[in-house]
A.B. asks: 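Below is a structure I'd like to ask you about.
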Amino acid sequence: MQYVLPEEQESFRTSLRRFLEAHSSEEDVRHVMETDEGYDHDLWVRMASELGLQGIHVPERFGGVGLGQRELAMAMEELGRVLYVGPYLSTVVLSVNALLASGDEEACAAYLPPIVRGELRAAVAFVEADGDWDFQQIGLQAREDGDGRRFRLEGTKDFVVDGHTADLILVLASGQDGSSLFAVSMDHLDDGAVDREVLPTLDRTRKQARLRFHGAPARRVGTAGRGAEVMREVCQLTAVALSAEQVGGAQRCLDMAVDYARQRIQFGRPIGSFQAIKHTCARMSLGVEAARSAALFAAWCADERRDALSVEASVAKAYCSDTFTRAAAENLQIHGGIGFTWEHPAHLYLRRAKASELFLGDGRHHRERVLHDVGLSRTEPVGAR
Amino acid sequence: MTGTIGDGPTAGTELEAFRADVRSWLASRLPPARARGDETPLEIMGAGEGSEALPRARAFLAMLAERGWSAPGWPQQYGGAGLSTDRILALDEELRAFETPDLYMFSVGLRHAGSAILEYGSEAQKARWLPRIATGEEIWCQAFSEPGAGSDLASLATRAERRDDGWVVTGQKVWVSRAHAADWGLLLARTDPHLPKHRGITAFGLDMTADGIDVRPLKQINGDEHFNEVFFDSVWIPDEDRIGDVGGGWSVALSMLAGERTQTGGIGSAFGDDQVVVDRLIELVRRCGADQDGDVRQRLAEIIIDARLAQRTSARAVEVAKAGRKVGAEGSGDKLRKAALLKRAAALALSVQGPAGAVDGDEWANLFLTAPSMSIRGGTDEVLLNVIGERVLGLPSEPRVDKDIPFSELPR
C-alpha cells in the first residue's frame with residue numbers, strides 16, 4: 001500500500017497526537033517561541049524516552065526504532081498540526097538523514113545514539129546567503145589541519161535551522177577534493193571559532209541562525225568530494241518530511257476555518273452557510289487532500305522507490321508549500337477581524353506556512369525541478385532564488 | 001449492491017487466485033491494451049463523445065456476462081457475479097491490461113439505472129431488466145433534467161397522471177444522452193403537484209419505443225450531437241413499470257446521482273485518461289518552441305502536478321476503502337479536479353500555439369470547447385463544492401425557501 005499505513009502506525013499517530021495536545025498546546029507554543037533556546041528541553045527528553053520520536057528512522061544498531069521515512073513523515077504531520085516548537089526538523093530530519101546518507105559508520109555510531117536518547121541536538125549548515133539550494137558555488141572553505149581527517153572551517157552559512165543551540169553542527173564545505181560534509185562539535189570550542197547570530201525570523205516557532213566559522217575545528221563525515229551529492233539527497237528527504245509537516249498545518253487551518261464558520265453567526269445564521277465561505281472551505285479541503293496524497297506518495301518513494309525520490313520530493317514540496325500558505329491565508333480571512341489579532345493563532349500558521357514554503361525552495365523552484373525531471377530542462381540559466 | 005470488504009488473513013491468497021482466474025480468462029479472449037502513443041486520440045470520455053460501434057461493445061458485454069463480470073456487484077440471479085468490493089476493484093484493474101471497447105452507451109444501465117433498479121425495483125422488474133443490461137442487449141438512458149430543472153432537479157415538471165392501470169406522461173426532458181439508441185429510460189416525473197416538490201416525484205422504467213416519444217438531438221458548442229431533448233406527448237406507461245413507491249422517486253434519484261459522483265471503479269467509468277492529455281500537452285509545448293518561456297513552464301508544471309495528484313487522490317481513496325477504513329474527504333473532488341485540469345490544459349495549449357490555435361480547429365480547440373461542460377454536467381462545480389462543504393466538512397446548508405411549499409405554488 002502506498003498511502004495507507006498499518007494499523008499499529010495509526011495507533012502511534014493517535015498516541016502522538018494526544019501527547020502533543022497535552023504538551024504542545026497553543027499556550028506552550030507561544031511561550032516556547034519567545035525563549036532564546038526555542039525549545040523545551042524537558043519535553044524534548046520526554047519525546048525521546050516516552051515516544052522514541054528522535055529515533056523513528058534511525059537503524060536499530062544505532063539505538064533507533066528502525067522504521068522509515070513514511071513513519072517520520074507521519075510524525076512530522078502531527079508536529080506540524082500543533083506547530084511544535086523544537087529542534088525536530090534540524091536534529092531528526094536534517095541531521096539524522098545527513099549522517100545516514102553520508103554512509104560514515106563511525107560518525108553514525110558516535111552521534112546517532114545520543115540523538116536518539118534526546119541528549120544531543122544537531123543542525124545542518126548547508127545553504128549560504130545566496131539561497132542557492134543546488135549548492136553550485138559553496139563559499140565556505142575547509143582546509144586540512146594535520147592528518148587527513150582534521151580540518152578547519154572558514155566562511156559563513158545562513159538560514160541554519162536551530163543553529164544557535166545545536167550541540168553538533170554538520171557543515172557542507174568546499175575543499176581541495178571538492179565539497180564534503182564536516183562535523184563541528186560545539187563542546188570545548190575556542191571563543192570565536194563559531195560565531196552564532198540568531199536571525200529575526202518571520203516564523204518565530206522555528207529559529208534560524210547565521211553561523212560564521214573562523215578556523216573552527218571539524219572532522220570530515222563520509223567520503224571526500226561527495227558533500228554536495230549527499231546534501232542534495234538530504235534536501236530531497238527533508239523536503240518530503242517538510243511537506244508532511246505542511247499537510248498537518250494546512251489541515252489544522254482547515255479545521256479552524258470550518259469550526260469558526262459553523263459557530264460564527266452573522267445576518268442570523270452561521271457564516272459557513274453562506275456559499276462564498278462554504279466554497280472557500282471546500283476548496284481548501286480539495287487542496288489539503290491533494291497535498292496529503294503528494295506527501296504520502298513522496299514518503300513512500302523515499303522508502304521504496306529511491307529512483308523517483310527527486311521528482312516526487314519536488315512535486316510534494318511545490319504543492320504542499322502552496323497549499324499550506326493558501327490555507328493559512330484563507331483561514332485568516334474566514335476569521336475576519338479576529339483573525340488579524342496577535343492573540344489568535346491564525347498568524348502563527350501563516351508565518352510557519354510562508355517560512356516553510358521558502359525553505360528548501362518554493363513552489364516555483366520545485367516546479368522547475370519537476371520539469372527538468374520530465375525532460376523539459378531549462379537551457380538558459382536560472383538565477384539563484 | 002456490494003459484498004463485504006476484506007475477509008481476513010486468507011483473503012490475500014484467495015484474491016490472488018481470483019486475479020489469476022480473471023487474467024487467464026480474459027487473456028484467452030481479449031487482445032492486450034495498446035501502449036499509448038502518438039496516435040492515441042485525445043478524446044475525453046463522458047464529455048459527449050463515444051464510439052457508436054455498438055455491436056462490438058455488445059459482444060464484449062455478452063462475453064463478460066458469461067461470468068457475471070459486466071455487472072460484478074449484482075447478485076448472480078440478475079446477471080451479476082455477487083463479488084465483494086475488493087474483487088470488483090481487482091477485476092477492474094485486471095481489465096485495464098486489455099483492449100476493451102468503449103462502453104459509454106452502456107454505462108447508465110450498468111451503473112446508475114442498474115443500481116436503482118436493484119435497490120428499488122420489484123422482483124419482476126429486476127428479473128426482466130437487469131439480465132438484459134448485463135449482456136448489453138438493452139441500453140438505458142437517464143431522463144431527469146428539464147429546461148426548468150437542472151441543478152434544482154426536484155423542481156421537475158414532466159407530469160405523469162394516473163389513468164386506469166397506468167400513467168399518462170406529458171412534458172419534456174433535456175440533456176438526455178444515449179436517448180437515440182436507448183431501449184429503456186429511467187424517467188422521473190411528477191405524480192402529485194400538490195405536495196412539496198421532493199415528495200410528489202415518481203420513478204418509472206420508460207419503454208423508449210412507446211407512442212408519443214419524440215427524441216431530438218441537441219447541438220453542443222463543440223458541434224457534437226450526443227445529447228437529446230425528449231418530448232412526451234401523452235405517453236402511456238403501465239403501472240408495472242413504476243420503480244419504487246408513488247411519491248418515492250426522489251430517493252431513487254438520489255441513489256442514481258450519488259452513483260454518478262462516487263469513485264468506486266467498475267467498467268464503463270465515465271472519465272477518461274488525464275495522463276494522455278498531459279503527455280500530449282508536453283509534446284505540443286516542445287513543438288511550438290514554448291518550453292523555455294518561464295510562464296509557460298510554470299503553468300505546465302502546475303498541470304503536470306495537478307494531474308498526478310488527482311490520480312493519486314483517487315488511488316488513495318480506493319486504498320482506504322480496501323483497507324476497510326472509512327473514506328473521508330479524499331473520496332470527493334475527482335470531477336472538480338478533472339474539470340479544472342482540462343480547462344487549464346486546453347487554455348495553455350491554445351496559448352502556446354498563438355493565433356494558429358484559433359485557426360486549426362483541431363483536437364485542442366475541441367478540448368477548449370468541450371472542457372466547460374465538465375464543470376456543468378453531472379453536478380455543477382458550485383453544487384459539488386456545496387456537497388463537500390455540507391457533507392464532508394459539516395457546514396450548515398443555506399436556508400431553503402421552497403422545500404415545504406406545494407409544488408403548484410412555487411415561482412417557476
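Chain letters run A, B, ... following the sequence lines, proteins first, then strands; residues in each count from 1.
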A.B. asks: Determine whether a donor-acceptor pair (N or O, by modelled atom type, separation under 3.5 Å) exists between the side chain of B:Arg312 and the backbone of A:Phe297.
C.D. replies: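 A pair under 3.5 Å: no.
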A.B. asks: Quick check on A:Glu10 against chain B: is it the side chain, the backbone, both or neither that has a heavy atom closer than 4.5 Å?
C.D. replies: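 The side chain, not the backbone.
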A.B. asks: Rounded to the nearest 0.5 Å, how far apart are OG of A:Ser293 and CZ of B:Arg308?
C.D. replies: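 Rounded to the nearest 0.5 Å, the OG-CZ separation comes out at 13.5 Å.
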A.B. asks: Sub-4.5 Å heavy-atom contacts with chain B: which residues of residues 235-253 of chain A show up?
C.D. replies: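 None at all.
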A.B. asks: First locate atom CZ of A:Arg367, then atom CG of B:Leu300, and finally report the distance between them rounded to the nearest 0.5 Å.
C.D. replies: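 A:Arg367 CZ to B:Leu300 CG: 11.5 Å, rounded to 0.5 Å.
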A.B. asks: If you measure from CG on B:Asp291 to OG on A:Ser377, what distance do you get to the nearest 0.5 Å?
C.D. replies: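 Nearest 0.5 Å value for the CG-OG distance: 9.5 Å.
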A.B. asks: Are B:Ile304 and A:Val315 side-chain neighbours, meaning at least one heavy-atom pair lies under 4.5 Å?
C.D. replies: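 Result no, sub-4.5 Å side-chain heavy-atom pair not found.
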A.B. asks: Rounded to the nearest 0.5 Å, how far does OG of A:Ser285 lie from CG of B:Leu395?
C.D. replies: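 With rounding to 0.5 Å, CG (B:Leu395) is 10.0 Å from OG (A:Ser285).
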A.B. asks: Taking only Lys NZ, Arg NE, NH1 and NH2, and the carboxylate oxygens of Asp or Glu, determine whether A:Glu289 and B:Arg337 approach each other closer than 4.0 Å.
C.D. replies: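 Salt bridge: no.
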A.B. asks: For chain B, which residues from residues 270-278 of chain A have at least one heavy atom closer than 4.5 Å to it?
C.D. replies: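 Within residues 270-278 of chain A, near chain B: A:Pro270, A:Gly272, A:Ser273, A:Phe274, A:Gln275, A:Lys278.
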A.B. asks: At a 4.5 Å cut-off on heavy atoms, which part of B:Leu393 comes close to chain A: side chain, backbone, both, or neither?
C.D. replies: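 Contact with chain A is through both the backbone and side chain of B:Leu393.
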A.B. asks: Taking atom types as modelled and ignoring hydrogens, do the side chains of A:His279 and B:Asn386 form a donor-acceptor contact shorter than 3.5 angstrom?
C.D. replies: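 Yes, B:Asn386 and A:His279 have a side-chain donor paired with an acceptor closer than 3.5 Å.
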